[in-house]
There are 2 protein chains.
Amino acid sequence: MSSDPRALRSRAAVVRGAAELLLADGPGGVTVDAVVQRTGVARSTIYRHFPTSTDVLRAAVDAVLPEVAPGGPAAAGESPRDVLVRRVTATAEQLATGAWVRALPALLELVAREPALEAHRAEIVARHRTDLVEHLSAAADAGLLPVGTDLGLTADRLVGPLFYRRLITGEPLTPELCEQLVDSVLTPGDPR
Amino acid sequence: MSSDPRALRSRAAVVRGAAELLLADGPGGVTVDAVVQRTGVARSTIYRHFPTSTDVLRAAVDAVLPEVAPGGPAAAGESPRDVLVRRVTATAEQLATGAWVRALPALLELVAREPALEAHRAEIVARHRTDLVEHLSAAADAGLLPVGTDLGLTADRLVGPLFYRRLITGEPLTPELCEQLVDSVLTPGDPR
DNA sequence: TCAGTACGAAACAGTACTGTAGCGAAAAGA
DNA sequence: TCTTTTCGCTACAGTACTGTTTCGTACTGA
């Protein structure tokens, strides 16, 4: 709509500040006053860019959610197993990041209560998942998986325990755990 | 302290109403006013029983949390595998219950933000887990698990994907899924 | 029966947040 | 340069919630 650099600048500052507040204090911490104090952007300016404070929160979630996807770039000359280990480990590290420890439960609660975010959540999950399924498909082609394996279920068996430990039990996510998970999914009896 | 039935009655009503509000609207919905309106108990009475509104919320969580533990009674003449399937299926059904769909993210966020609840959370998880580990131990004794298997990790591999699907992807938890999970954990090549 | 106690109702100050409005100043763009 | 747009600032009404207090009523237990 507006290409005025001032508008773009202040809008970006609001979104960034709101995202920081979301990560630090959860959804309840993202108030207009808090964003004003944190960013220096005026109250009236915020309401000029966003109809309601809920839209600010939504923009903050939009700015934060994509970071979930652990970017596992394509393999080099590494084995499919190593690709999987690297990919799962990346997810584990992301889950262990301080910001996410606090933000993940808050985001889950927010998404559960805000149907408008449901589509976005589904898209993130799908991207995350298809990426992992592709790696699993390569592993299957290499004979590392039993024929006829449900790759979607296998993906859940890989990352499910990670989220479970992070969210429910609070146990640490070690690299050894990631390797054990990958190996528990691959066909037994294959050396490294 | 007080054995006056009036006091016990109104206190119980407050806790029950607060628990209902917690399940219905999340932690943010548990306000003193809301409890007053829902239960008919007077504002002054609530503050006579609880120092702050946070204590009301805590009591509500205490009243709700124990229901998490899926009661898998001891086996009859069924095989260790069937015990595991029944146990995992019970967990899946509990996760699929309407109330928990809404309450679980809220509870997680609450526990993450309220260190006082951490101990309680750990106790619930431990009870849940030792129960499952016992079943797994029986399965290991029956030769259904490779020797030297980490039973704790195995427990995570069993229920982790359930929680992951419920919380993150939102996919349904079918009985078939539970069976597949159990079989994926047991040593391959064993008939029912 | 009767004293003690818990009760419901209502009013109160204090705090925090939302959303609106009007203002002069500063920056952008022609 | 000059007009337009955006800005920050401040004040405002409205809402919601917390925690306190008072008062008359109804229940409990001896």
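In the text below, chain A, chain B and the rest are named by the order of the sequence lines, each starting its count at 1.
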Practice item. In whole angstrom, give the distance that lies between atom OH of B:Y47 and atom C1' of C:dG14. Key: 12 Å

Review point. Taking atom P of C:dA10 as reference, at what distance in whole Å does atom CD of B:Q37 sit?
Key: 13 Å

**Study point:** Most 5' of B:D4 and A:S44 on DNA chain C, judged by nearest nucleotide
**Key:** B:D4

Check your understanding: Side-chain contact, heavy-atom cut-off 4.5 Å: B:R87 with B:D131?
Key -> yes

Review point. Hey, mind stepping through A:Y47 and A:V32 against side-chain contact (heavy atoms from CB on, under 4.5 Å) and telling me if it holds?
Key: CA-CA 9 Å; A:Y47 278 108; A:V32 176; 3.4 Å; yes

Review point. When you check the gap from the basic side-chain N to the acidic O, do B:R81 and B:E179 get nearer than 4.0 Å?
Key: yes

Review point. Taking 4.0 angstrom as the limit, do A:D33 and A:R43 come out as a salt bridge?
Key: yes

Practice item. Check whether the side chain of B:S53 and the base of D:dC17 form a donor-acceptor pair under 3.5 Å. Key: no

Review point. Is any side-chain N of the basic residue among A:E171 and B:R129 closer than 4.0 Å to the acidic one's carboxylate O?
Key: yes

Point to revise | 5' priority, DNA chain C, between A:V32 and A:R48 [closest heavy atom] | key: A:V32

Study note, to complete from the structure: Between CD1 of B:I46 and P of C:dA10 the distance, given in whole Å, is 15 Å

Point to revise | Whole-Å gap separating C1' (D:dT15) and CG (B:D33) | key: 12 Å

**Study point:** Neighbours of DNA chain D within residues 5-15 of chain A, by heavy-atom distance under 4.0 Å
**Key:** A:R6, A:A7, A:S10

**Study point:** Pairwise 5' ranking along DNA chain D for B:T54 and A:T39, keeping only the more 5' one
**Key:** A:T39

Point to revise | Donor/acceptor link under 3.5 angstrom from B:T31 side chain onto base of D:dA16 | key: no

Check your understanding: Does a distance-only test, which skips hydrogens and angles, find a donor-acceptor pair under 3.5 Å between the side chain of B:R43 and the base of C:dG8?
Key -> no

Study note, to complete from the structure: A:H49 atom NE2 is separated from D:dT5 atom P, nearest whole Å, by 15 Å

Review point. Can you tell me if A:R58 and A:T54 form a side-chain donor-acceptor pair at under 3.5 Å?
Key: no

Check your understanding: Would you find more than 12 non-hydrogen atoms of other residues, nucleotides or ligands less than 6.0 Å from A:E118 atom CD?
Key -> yes

Check your understanding: Counting only side-chain N and O atoms of A:T45, is one of them less than 4.0 Å from OP1 or OP2 of D:dT6?
Key -> no

